[in-house]
Amino acid sequence: MAKKLWGGRFSKKTDPLVEEFTKSIQYDYKLAKHDVLGSLVHAKILAKAGLISQKEGKIISQGLSTIWGEIKSNKFVFDKNAEDIHTDIQNKLEKKIGVAALKLHTARSRNDQVVFDTKRYCVFEGAHIIKLIKKFMGEIDNFAGKNKNIILPGYTHMQHAQPVALKNYILAYKYMLKRDSERLSSALKRMNYPLGSGALAGTPIEAEVYNKAAKEISDEMGHPFFGTVENSIDNVSDRDFVVEILSALSIIGMHFSRLAEDLIIWSTKEFGFVEIDDAFCTGSSLMPQKKNPDTLELIRGYTGKLYGNLVSVLVTMKGLPLTYNRDMQLDKEPLFDSTETIKKELMILAKLIKGIKINKDKIYQQLKDESLYATDLIYYLVDRKIPFKNAHNIIGKLVKYSVENDIQIKDMPESLLKKFSDKFIKKEIVKLFDPLVSVKSKRSIKR
Ligand code: ARG
């Protein structure tokens with residue numbers, strides 16, 4: 001086992017099973033670059049506070065910068081025997097620069113380091129996800145533009161409802177994504193990197209030193225995330241920022257799952273509205289004819305995992321007394337997992353949507369169903385001053401008659417139509433069974 005950041009008060013070695021059980025390096029290595037940056041900031045503060053000399057500060061910074069370079073060029077190999085990434089970086093620094101590294105941990109604890117690193121991970125990954133969302137929104141726009149003249153049956157309760165423009169339908173997902181992206185950015189706005197919590201009680205370094213350093217570093221790095229901690233106890237205890245991100249990612253997952261479900265249904269033989277590109281489907285080992293929408297099914301399926309990750313952190317946190325408890329180490333795997341999943345899904349969906357083929361014939365066959373125009377018939381009567389409820393009743397009876405007598409409304413003679421309402425004029429009525437007329441008559445919506 002690698003050297004630990006603690007041990008002085010122990011007379012026995014940690015049980016090997018406990019070593020294995022308690023370590024987090026196997027996943028928190030992903031925080032390496034954020035941890036190094038946090039240490040660079042901390043070294044600066046220590047030098048300003050006079051807790052290390054300028055020379056020591058320089059040596060530490062140079063050592064950390066070398067590690068930073070290794071991370072950037074993918075040469076960084078984490079020590080799987082280290083307890084966690086904070087320990088690993090400290091050990092690596094000691095190897096590189098010797099005794100000067102022993103002062104770096106002055107006035108800090110892994111409890112504040114881990115918050116700093118995890119918040120920075122969220123800010124970076126969150127910004128990346130927002131970019132990917134924008135890209136996918138652009139692809140949705142392209143798809144909508146390419147198919148702007150397609151009309152399809154709209155459904156409620158999975159039953160034919162009213163014709164809608166495909167453009168309108170698919171853009172609904174763009175609006176969801178817009179809110180998703182706003183939700184993420186608003187969570188990120190709350191995510192500053194507070195300095196000076198120590199383990200929980202604060203540190204002996206003057207707030208003024210942190211204030212100045214925070215300002216300098218923010219200016220230098222061009223982002224406003226650094227700040228002096230307002231409440232050190234809150235800072236090391238808080239994981240609501242993880243919950244917020246996981247919740248935003250779960251909502252994205254929910255939206256993707258619904259989109260996947262729509263496309264899965266539309267690509268069945270029964271619907272046949274769309275065809276998903278071969279590159280996004282898989283076959284069957286037994287049935288040679290099969291082309292299965294597995295990618296979409298997995299997008300739908302992973303939503304369960306995204307929700308699970310959110311619930312897991314919520315449940316882990318609910319009974320914890322302030323401040324840091326080791327349970328909180330378990331926030332990372334769910335956070336990383338959901339982040340990676342959503343990134344992959346965004347990249348896949350942005351490609352998948354480009355290859356969707358629309359089968360107009362199949363769609364237009366469905367649009368022949370007269371029931372889709374029943375609401376338009378109500379509006380026809382409403383325009384002729386029949387109260388809506390009465391009109392609803394009249395059309396209901398007309399539809400019932402049509403179904404029971406197996407006769408299309410279009411085919412009914414005017415004399416029959418007039419039995420339901422004397423306002424009906426056949427040559428006007430027949431024009432209403434037209435998807436374009438129906439869609440165009442909805443003037444309240446953006447087109
Ligand atoms: N690996 C730990 C985590 O992720 C670091 C914090 C350990 N702190 C402690 N006081 N034992 O939470």
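First listed ligand is number 1; within each ligand, the first listed atom is number 1.
Within 6.0 Å of the CD atom in E206, the count of heavy atoms belonging to other residues, nucleotides or ligands does not exceed 12.
Looking only at distances, no side-chain donor or acceptor of D337 sits under 3.5 Å from a matching main-chain atom of E333. With Y29 contributing its side chain and D88 its backbone, the two residues share no donor-acceptor pair below 3.5 Å.
Note that CG of L40 is 11.0 Å distant from CD1 of I45, once rounded to the nearest 0.5 Å.
Geometrically, K351 does not engage F280 in a cation-pi contact defined by less than 6.0 Å to the ring centre and at most 45° from the axis.
Ring geometry, F273 versus W266: the interplanar angle falls from 30° to 60°, so the pair is classed tilted.
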Show me a pair-per-line table, with atom names and distances to 0.1 Å, of protein N or O atoms that are under 3.5 Å from an N or O of ligand 1.
residue, atom, partner, partner atom, Å
ligand 1, 1 (N), S24, OG, 3.1
ligand 1, 1 (N), D84, OD2, 2.9
ligand 1, 1 (N), Q329, OE1, 2.8
ligand 1, 4 (O), K332, NZ, 3.0
ligand 1, 8 (N), N111, OD1, 3.1
ligand 1, 10 (N), N111, OD1, 3.0
ligand 1, 12 (O), Y324, OH, 2.3

